K.L.:
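Quick one: structure below, then a few questions.
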There are 2 protein chains.
Amino acid sequence: MDRDSDMSDTDELLSIRAAELYYEENQTQDEIGVILRLTRWKVGRLLASARANGFIRIEIVHPRARRLPIERRLRESTGLTDAIVVSSAGVSSEAELQSRTAQAAADFLTSLRPIPRTLGISWGRTLHDVSLHLKQGWAPGVNVVQINGGVSLNQRTGTAASTAVTIAHKADGSATLLPSPAVFERLETKQAMEADRAVAGVLALGRNAQAYLFSAGQADANSALVDSGFLTVEQIDDLVSRGAVGDVVGRYIDANGRIVDPELNERTVGIQIDQLRRAPLTIAVISGNDKHAIARAVVRNGLCTVLVTDEDTANALLQEKDTL
Amino acid sequence: MDRDSDMSDTDELLSIRAAELYYEENQTQDEIGVILRLTRWKVGRLLASARANGFIRIEIVHPRARRLPIERRLRESTGLTDAIVVSSAGVSSEAELQSRTAQAAADFLTSLRPIPRTLGISWGRTLHDVSLHLKQGWAPGVNVVQINGGVSLNQRTGTAASTAVTIAHKADGSATLLPSPAVFERLETKQAMEADRAVAGVLALGRNAQAYLFSAGQADANSALVDSGFLTVEQIDDLVSRGAVGDVVGRYIDANGRIVDPELNERTVGIQIDQLRRAPLTIAVISGNDKHAIARAVVRNGLCTVLVTDEDTANALLQEKDTL
DNA sequence: GGGATTGTTGCTCACATGAGCAAATACCGG
DNA sequence: CCGGTATTTGCTCATGTGAGCAACAATCCC
């Protein structure tokens with residue numbers, strides 16, 4: 001086909017002239033009719049066709065702007081209960097886009113009804129960002145539980161804990177931290193740790209949370225797990241070569257949502273992927289051009305019921321659906 | 001000041017939510033009111049404030065789209081009778097933008113009333129482009145006269161003549177060519193040439209044209225005058241060092257519209273800058289990021305009454321006016 | 001605390017606009 | 001050239017929307 005909608009060449013040109021007068025000079029359709037020597041109905045039709053042909057582009061340029069039509073399409077084409085897609089209009093850096101996404105996640109959390117009594121969270125740059133964007137008093141008391149290990153081996157030490165504490169504090173609630181590394185070197189150590197009353201209690205609390213909030217990392221050397229010293233670059237390379245696209249709550253999965261390395265998975269402390277899959281409310285916050293693959297894996301395999309993401313990632317997901 | 005218009009933070013957010021529903025989901029203000037729990041008047045006001053704060057960006061994406069508000073501001077801030085500014089929305093290359101500008105110039109010529117009996121034109125890439133965009137039968141008979149020398153010394157030979165011939169042919173009119181180089185090496189040769197009946201006649205015709213159509217080149221090594229072998233790169237460098245910003249009908253001027261090298265000017269064949277300045281209808285077609293300086297010189301010094309240009313060049317001109 | 005000032009809200013009314021329909025026009029195959 | 005079909009045009013009418021205004025609320029300044 002040649003064009004979207006059929007229209008004679010002179011009509012197309014007229015529709016552009018009309019659109020200029022209507023949208024840029026905000027003249028009334030009557031006035032435009034006088035200028036272009038057309039009836040006002042013809043002008044109305046020309047404007048309609050200009051819109052139908054996509055000549056009129058309307059963008060909402062604001063850090064808090066969302067893309068509702070994309071959200072709807074995402075909900076329809078995936079099984080998501082809800083999708084939040086932030087606009088990338090006028091954004092200048094990846095960081096800005098991620099910050100917008102974090103803000104949107106904070107907004108979503110704030111407006112969540114019923115308010116979850118316990119909220120299980122993972123940790124990482126994204127969630128930390130979310131915690132910062134939450135407003136003081138965003139909820140009247142929430143018990144925030146860490147769902148995967150994250151006492152770091154280096155300077156990042158604070159952030160995992162501080163994310164949980166900040167979210168809880170701002171909700172006038174309490175934080176329950178999981179005092180454990182993300183991954184143990186020996187299975188026995190991990191099992192011993194899990195047997196400990198304190199740790200077991202936190203894990204049980206995490207398993208019974210009413211809602212989960214987590215992000216995901218792509219499988220590469222910049223992963224927070226490498227950064228924090230739990231995994232080496234070589235290990236990541238190995239995982240990638242075995243099909244890993246990224247990690248969710250510290251566990252590496254492939255495009256089909258399956259655990260890539262069961263042995264490593266056994267040594268990883270925290271909630272299991274399947275528990276996430278079964279939970280009724282799981283909110284994934286994933287943004288950035290690197291994360292299209294892991295976002296796809298998370299959404300396609302039902303690891304979240306709500307996705308908070310950016311326009312570009314959302315479009316990548318839709319793109320893929322189209323070709324199925 | 002902190003913001004464009006004052007608005008509480010929550011109202012700003014509401015205005016964005018309302019805008020999303022209004023512009024992306026095209027809901028009615030009533031319906032939005034129900035969703036956001038507001039009266040429909042409040043919704044109307046929120047939308048108005050979103051527009052006022054520039055959160056709503058409406059673009060007309062089409063090769064023939066113009067920017068009327070910029071045109072108006074240009075007319076107001078300069079002494080131009082008319083300004084045609086093509087939109088650069090959705091443009092991917094400089095060449096595309098120049099083509100759009102040429103198209104707009106062709107459109108302007110076509111709609112020009114009264115139709116000029118004689119039209120003086122210069123030559124160059126831009127005007128050639130204009131000639132190609134004109135429609136067969138754009139005017140019922142126009143005598144097209146070349147107003148500056150341009151019989152080239154190399155392969156470009158054809159274009160100067162073909163531009164004139166094409167424009168004339170498509171108007172079912174006649175072309176009068178100026179059979180002379182752009183610049184002579186010796187003043188005497190030039191004077192001898194001008195004394196020739198044939199040449200003198202063309203020049204006289206050119207001086208009495210009812211309208212002029214020309215472009216301008218910036219002063220650099222890529223100039224058509226260098227390309228055609230009339231000037232050397234060294235000569236251009238010299239002109240630049242003496243303040244030249246570009247050429248109009250083969251004559252180099254500085255930012256104040258003055259001839260940079262009177263001696264060179266004397267050896268240049270064609271209409272004088274001052275004759276252009278005095279003419280009642282002179283249409284300059286200037287587009288491209290390189291040409292902001294020469295565009296400024298042309299407009300500021302009254303060398304054209306009508307400017308056809310692109311959005312970026314127009315904005316550069318307005319920018320400058322603001323700082324005066 | 002009272003009065004003035006400023007900003008906000010709900011509303012009426014006039015105008016602008018899109019849906020739907022009938023008349024007119026263009027198009028096309030015989 | 002003609003009858004039929006598709007498309008376009010002009011219009012009525014219902015609905016959507018912005019301007020303007022009065023009532024109300026918030027704020028500020030003595």
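All values below come from the heavy atoms of this structure, side chains included, with hydrogens, waters and symmetry mates left out. Every chain is numbered from 1 and lettered A, B, ... according to where its sequence line falls, protein lines coming before strand lines. Note that this is a predicted model, so its numbers are computed, not measured.
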K.L.:
Is a side-chain N or O of Lys170(B) found less than 3.5 angstrom from the main chain of Lys135(B), in a donor-acceptor match?
P.N.:
no
K.L.:
Quickly work out the Gln27(A) CD to dC15(C) P distance and round it to whole Å.
P.N.:
17 Å
K.L.:
Specify the separation, in whole Å, of atom CG of Leu38(A) and atom P of dG10(D).
P.N.:
9 Å
K.L.:
Examine dG18(C): is either OP1 or OP2 under 4.0 Å from a nitrogen or oxygen in the side chain of Arg51(A)? Give yes or no.
P.N.:
yes
K.L.:
To the nearest 0.5 Å, tell me how far Thr309(B) OG1 sits from Ile70(B) CD1.
P.N.:
10.5 Å
K.L.:
Expressed in angstrom and rounded to an integer, what is the separation of Leu21(B) atom CG from dT17(D) atom P?
P.N.:
12 Å
K.L.:
Return the 5'-most residue of the pair Arg40(B), Gln29(A) with respect to DNA chain C, ranking by each residue's nearest nucleotide.
P.N.:
Arg40(B)
K.L.:
Could you check how far CG of Asp11(B) sits from P of dT8(C), rounded to whole Å?
P.N.:
8 Å
K.L.:
Rounded to whole angstroms, how far apart are CD1 on Ile32(B) and P on dG18(D)?
P.N.:
11 Å
K.L.:
Taking 4.0 Å as the cut-off, does a side-chain nitrogen or oxygen of Thr39(A) come that near to OP1 or OP2 on dT9(D)?
P.N.:
no
K.L.:
Please confirm whether any donor atom in the side chain of Arg45(B) sits under 3.5 Å from an acceptor in the base of dG18(D), or the reverse.
P.N.:
no
K.L.:
Main chain of Thr305(B), side chain of Thr81(B): is a donor-acceptor contact present, judged purely on distance under 3.5 Å?
P.N.:
yes
K.L.:
Can you find a side chain N or O atom of Tyr22(B) that sits less than 4.0 Å from OP1 or OP2 on dG16(D)?
P.N.:
no
K.L.:
Before accepting this row, confirm whether a basic side-chain N of the pair Arg17(A)/Glu20(A) lies closer than 4.0 Å to the acidic partner's carboxylate O.
P.N.:
yes
K.L.:
Starting at NZ of Lys42(B) and ending at C1' of dC11(C), how long is that distance when rounded to a whole Å?
P.N.:
15 Å
K.L.:
Starting at atom CG of Asn26(B), determine the distance to atom P of dT17(D), rounded to an integer number of angstrom.
P.N.:
10 Å
K.L.:
Rounding to a whole Å, what distance do you find between Tyr23(B):OH and dT17(D):P?
P.N.:
10 Å
